[in-house]
Chemist: 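The structure's right below; bear with me while I get my questions together.
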Amino acid sequence: MASNARIARDLQLIGDLLELQDANPFRVRAYRNAARTVEELNRPLKDMVDEGADLRELPGIGKDLAVQLAGAAHGEALDALRELREQIPPGLLDVVRVPGVGPKKARALWQELGVEGLDDLEREARAGHIAGLKGFGAKTEERIVQGVEQVRRFAERRRRADVEQAIAPLLAWMRDLDCVTTLDVAGSFRRGRDTIGDVDLLVVSEDAPRVMEHLRRYDDVEQVIGSGDEKTSVLLGDGLQVDLRVVEQSAFGAALLYFTGSKDHNVQLRRRAIERDWTLNEYGLWSKDGDERVAGASEAEVYEALGLRWTPPELREDRGEVEAAETGALPVLIEVEDVVSELHAHTDWSDGTGSLEVMTSAAAERGLAVFAVTDHSPALKMTGGLDREKLLRQWEALDALDVPTGLRVLRGMEVDILEDGSLDMDDDMLERMDVVVASVHSRFGLPEAEQTERIVRAVQHPQVNVLGHPTGRLLGQREAYAVDLHAVIAAAVEHDVAIEINAHPARLDVNDHWARVAAHAGAVLSINTDAHAPEELGLLRHGVLQARRAWLTAADVINTWPWPRLQAFLAKEPGWRESSDD
DNA sequence: GCCGTTTTCGGCCCGACTGTTTTCAGTCG
């Protein structure tokens, strides 16, 4: 048995290996499309196979892949992968990640010099063996030496919030130039992805050369990777790559659309353009002969010409949004302003830095109507978790607290899910709480079956309202633990437990994919900051972005509900689903 | 490898920049 994620990774790997083999590029794409299809299924492939579903009905799955996938769902290796692994050294996949080295060059290096990985590549480059190869030269060799270093240092994508912070001074520097009319960050940053590979800047200006020059002169630019009339790429001191494009006002919409992506979304739009006998590029939507521009000044204009509604960037992942934009079925996505309740936050009673006064005041200042105090339970020693005596004292303090007008403060706790799935607090105490967030903070390494059973058991506990950061991942630091989230979500639906979208930029847990799967399965979501300091209540927007990427509307998220409905949900009163406001 | 009210074969999105070339392939987004 293999998870969807695992099968999708293997399909992706087949695509990468095929490329190294110089295979038909459309065959490569077929595997990558199949990887996406499997990744985005909202139920386990294995279940579908067991039920006898015809996999050929899935997009991008034909006769051959249907057979391979049926085997893969039950743990067999994919045929194509088995063969490719025997033919191609796996280390070549790292070689391709070196900037300037693609599949063709990697293959040449392997065949001519026996390069099978980064170490080989660096040795051959430093020894000067590469410059003489056909198609290579001194510049390429030099760039490879730098590139190997870069791959080793900056292997992973960065957290979006970190990138946001890192580029703030750069954006200010660019906006400072008088000939910059408009400056936008496009790419995966604009789409709100949880991690970012590089930064795409789009500038409207009448003086492109000056804009390029200005970027090159930014004092944190470590290396200019390339610079031409329309685009410039640089590497900043911390290794972040920034790509700049400059366009004229009349092409701004088409360019923004193009550089926002995703690539797959753009492919869909171009297909539609072709169907209408037009062609779409970053300069506009054109008649087939290319001399008449149909649209291009704004994104909305381009979408409209293609018979589509303007589509929020967070949805542009080719996950069905083009069809929805055609039929008017795009969701009205949740906004930061919709959120009126914070249900997971800490104070200095455990590991937070803010007192009850400071945290509740901060919540009120942000316009929240409900703020839950959910400090840690005692099992987490390092957080100074509260035992029942200390918790009783906290409640006394809450009773005596001068609560800001308009704010409702809830008694709660982030209770540890112990190894056996029981909760780290007595039931009689849990019963007296307004809200219980249950989370895993230990024993991440349990086998999947045990981890799943553990969490499902906690979700079944009658007092639990929210499952906190359900996968335990820390972006760039720790992988999600092994757990069958399909089973967890099913239990959450049955027991009226909300699945958390933890808004902390290091967590964003569950991610956009699982949030969408959960909503599809009938679960409700809860976006919380897990704030440990007053300013961290501002992290909310990161969670909302992920919710938007998951196609969530305000109604899907309990933190937007008016108090009577939220109260009914937290008390597990039947009828909370029948809302009055949606 | 997938896909089809124009098709079961012949398509499958578009352009900039670089380096190594001698007119363009490879890489990248």
Chemist: Provide, to the nearest angstrom, the distance between the CG atom belonging to A/L244 and the P atom belonging to B/dG29.
Modeler: 15 Å
Chemist: Regarding A/V101, tell me which of base, sugar-phosphate or nothing describes its non-hydrogen contacts under 4.0 Å with the strands shown.
Modeler: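 Here A/V101 touches the backbone only, sparing every base.
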Chemist: Sticking with atom C1', work out how far B/dT18 lies from B/dT23, rounded to a whole angstrom.
Modeler: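 Roughly 15 Å separates the two C1' atoms.
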Chemist: Under 4.0 Å between any heavy atoms, over every strand shown, what does A/L269 touch: base, sugar-phosphate, or nothing? Just pick one.
Modeler: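 If one applies the 4.0 Å heavy-atom cut-off, A/L269 turns out to touch nothing in the nucleic acid.
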Chemist: Please work out if A/D200 contacts a base, only the sugar-phosphate, or nothing of the nucleic acid, heavy-atom cut-off 4.0 Å.
Modeler: sugar-phosphate
Chemist: Among B/dA16, B/dC12, B/dG1, find the nucleotide with the atom closest to the side chain of A/E282.
Modeler: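 Taking heavy atoms from C-beta onward, the closest nucleotide is B/dA16.
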Chemist: Got a sec, which residues hit salt bridge (Lys or Arg N to Asp or Glu O under 4.0 Å) with A/D512, two or more places apart in sequence or on another chain?
Modeler: A/R319, A/R549
Chemist: I'd like to check A/R516 versus A/E40 (side-chain heavy atoms, cut-off strictly below 4.5 Å). Are they in contact?
Modeler: no
Chemist: In whole Å, measure the gap between the C1' atoms of B/dG11 and B/dA16 for me.
Modeler: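 To the nearest whole Å, 26 Å.
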Chemist: Is A/R276 atom CZ crowded by more than 12 heavy atoms from other residues, nucleotides or ligands, each under 6.0 Å away?
Modeler: yes
Chemist: Using atom CD of A/E275 as one end and atom P of B/dT5 as the other, report the distance to the nearest whole Å.
Modeler: 12 Å
Chemist: So if I apply the side-chain contact (heavy atoms from CB on, under 4.5 Å) rule between A/V204 and each of A/L256, A/V246, A/V247, which one comes out positive?
Modeler: A/V247
Chemist: Quick one: are A/V163 and A/V199 in side-chain contact, heavy atoms under 4.5 Å?
Modeler: yes
Chemist: For DNA chain B, find the residues of residues 104-119 of chain A with a heavy-atom distance under 4.0 Å and give them by number; none if there aren't any.
Modeler: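 Within this stretch, A/K104, A/K105 sit under 4.0 Å of the strand.
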Chemist: How far does the P atom of B/dT22 sit from the matching atom of B/dC17, given to the nearest Å?
Modeler: 23 Å
Chemist: Remember a base hit wins even if backbone is also touched, and classify A/D198 as base, sugar-phosphate or nothing at under 4.0 Å, heavy atoms.
Modeler: sugar-phosphate
Chemist: Measuring only between side-chain heavy atoms, which start at C-beta, is A/D16 closer than 4.5 Å to A/L18?
Modeler: no
Chemist: Tell me which residues in residues 255-263 of chain A lie within less than 4.0 Å of DNA chain B, going by non-hydrogen atoms.
Modeler: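 A/Y258, A/K263 - these, ordered by number, are the residues of the stretch whose heavy atoms sit under 4.0 Å from the strand.
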Chemist: Cation-pi between A/R293 and A/Y283: NZ/CZ under 6.0 Å from ring centre and within 45° of the ring axis?
Modeler: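 Judged by the rule, A/R293 and A/Y283 form no cation-pi pair.
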Chemist: With both distances under 3.5 angstrom, what nucleotide forms a Watson-Crick or G-U wobble pair with B/dT8?
Modeler: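 The base-pairing partner of B/dT8, which may sit in any strand shown, does not exist here.
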Chemist: Let me know the distance between CZ of A/R191 and P of B/dG29, rounded to the nearest Å.
Modeler: 13 Å
Chemist: Which one, B/dT27, B/dC2, B/dG29, comes nearest to the side chain of A/A30?
Modeler: B/dC2
Chemist: Taking atom P of B/dC14 as reference, at what distance in whole Å does atom CZ of A/F26 sit?
Modeler: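 Rounding to the nearest Å, CZ of A/F26 and P of B/dC14 are 11 Å apart.
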Chemist: Give the rounded distance in Å between these two atoms: CG of A/N24 and P of B/dG10.
Modeler: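 Going from CG in A/N24 over to P in B/dG10 covers 15 Å.
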Chemist: When all nucleic acid strands are considered with a 4.0 Å heavy-atom cut-off, which category describes A/P25: base, sugar-phosphate, or nothing?
Modeler: nothing
Chemist: Report all interatomic pairs (protein N or O, nucleotide N or O of nucleotides 17-20 of chain B) with separations under 3.5 Å.
Modeler:
from, atom 1, to, atom 2, distance (Å)
B/dC17, OP1, A/D229, N, 3.1
B/dC17, OP1, A/E230, N, 2.8
B/dC17, OP1, A/K231, N, 3.0
B/dT18, OP1, A/S227, N, 2.7
B/dT18, OP1, A/S227, O, 3.3
B/dG19, O3', A/T140, OG1, 3.3
B/dT20, OP1, A/G137, N, 2.4
B/dT20, OP1, A/G137, O, 3.2
B/dT20, OP1, A/A138, N, 3.4
B/dT20, OP1, A/T140, OG1, 3.1

Chemist: Look at the side chain of A/D243 and decide which nucleotide, out of B/dC28, B/dG29, B/dA16, has an atom nearest to it.
Modeler: B/dG29
Chemist: Do A/Q546 and A/N511 touch side chain to side chain, with heavy atoms closer than 4.5 Å?
Modeler: no
Chemist: Measuring from the side chain of A/R29 (C-beta onward, heavy atoms only), which nucleotide among B/dC12, B/dC14, B/dG1 has the closest atom?
Modeler: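 For A/R29, the side-chain atoms sit closest to B/dC12.
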Chemist: Could you check if a side-chain atom of A/T260 sits within less than 4.5 angstrom of a side-chain atom of A/R316, using non-hydrogen atoms only?
Modeler: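 Yes, close enough: below the 4.5 Å cut-off.
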Chemist: For atom P, what is the distance between B/dT6 and B/dC2, given to the nearest Å?
Modeler: 23 Å
Chemist: On a whole-Å scale, what distance lies between the P atoms belonging to B/dT21 and B/dG26?
Modeler: 12 Å
Chemist: Check for me whether the distance between the ring centres of A/H520 and A/W551 falls short of 6.0 Å.
Modeler: no
Chemist: Would a distance-only check, ignoring hydrogens and angles, find a side-chain to backbone donor-acceptor pair under 3.5 Å from A/T140 to A/F136?
Modeler: no
Chemist: Which of the following nucleotides, B/dG29, B/dG15, B/dC12, is nearest to the side chain of A/N281?
Modeler: B/dG15
Chemist: Please enumerate all residues that pass salt bridge (Lys or Arg N to Asp or Glu O under 4.0 Å) together with A/K104, with sequence neighbours excluded.
Modeler: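 A/K104: salt bridge (Lys or Arg N to Asp or Glu O under 4.0 Å) contacts with A/D22.
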Chemist: Tell me: CD of A/E19 to C1' of B/dT27, nearest whole Å?
Modeler: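 Taking CD of A/E19 and C1' of B/dT27, I get 11 Å after rounding.
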Chemist: Can you find a heavy atom in the side chain of A/L81 that is under 4.5 Å from one in the side chain of A/L13?
Modeler: yes
Chemist: Could you check A/L58 against A/I274 and say which one's nearest nucleotide on DNA chain B is further toward the 5' end?
Modeler: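 Checking each residue's closest nucleotide, the 5'-ward one belongs to A/L58.
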Chemist: How about A/I167 and A/V185: do any of their side-chain heavy atoms sit closer than 4.5 Å?
Modeler: yes
Chemist: Under a 3.5 Å cutoff, is there a donor and acceptor pairing between the side chains of A/Y31 and A/Q68?
Modeler: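 On atom types as modelled, these side chains qualify, holding a pair under 3.5 Å.
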Chemist: Could you measure between the two P atoms, the one in B/dT20 and the one in B/dC28, and give it in whole Å?
Modeler: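 About 15 Å, rounded to a whole number of Å.
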Chemist: Does a side-chain heavy-atom distance below 4.5 Å link A/F252 with A/L202?
Modeler: yes
Chemist: Specify the residues of residues 60-67 of chain A, ordered by number, for which at least one heavy atom lies under 4.0 angstrom from an atom of DNA chain B.
Modeler: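 Close to the strand are A/G60, A/I61, A/G62, A/K63, A/D64, A/L65.
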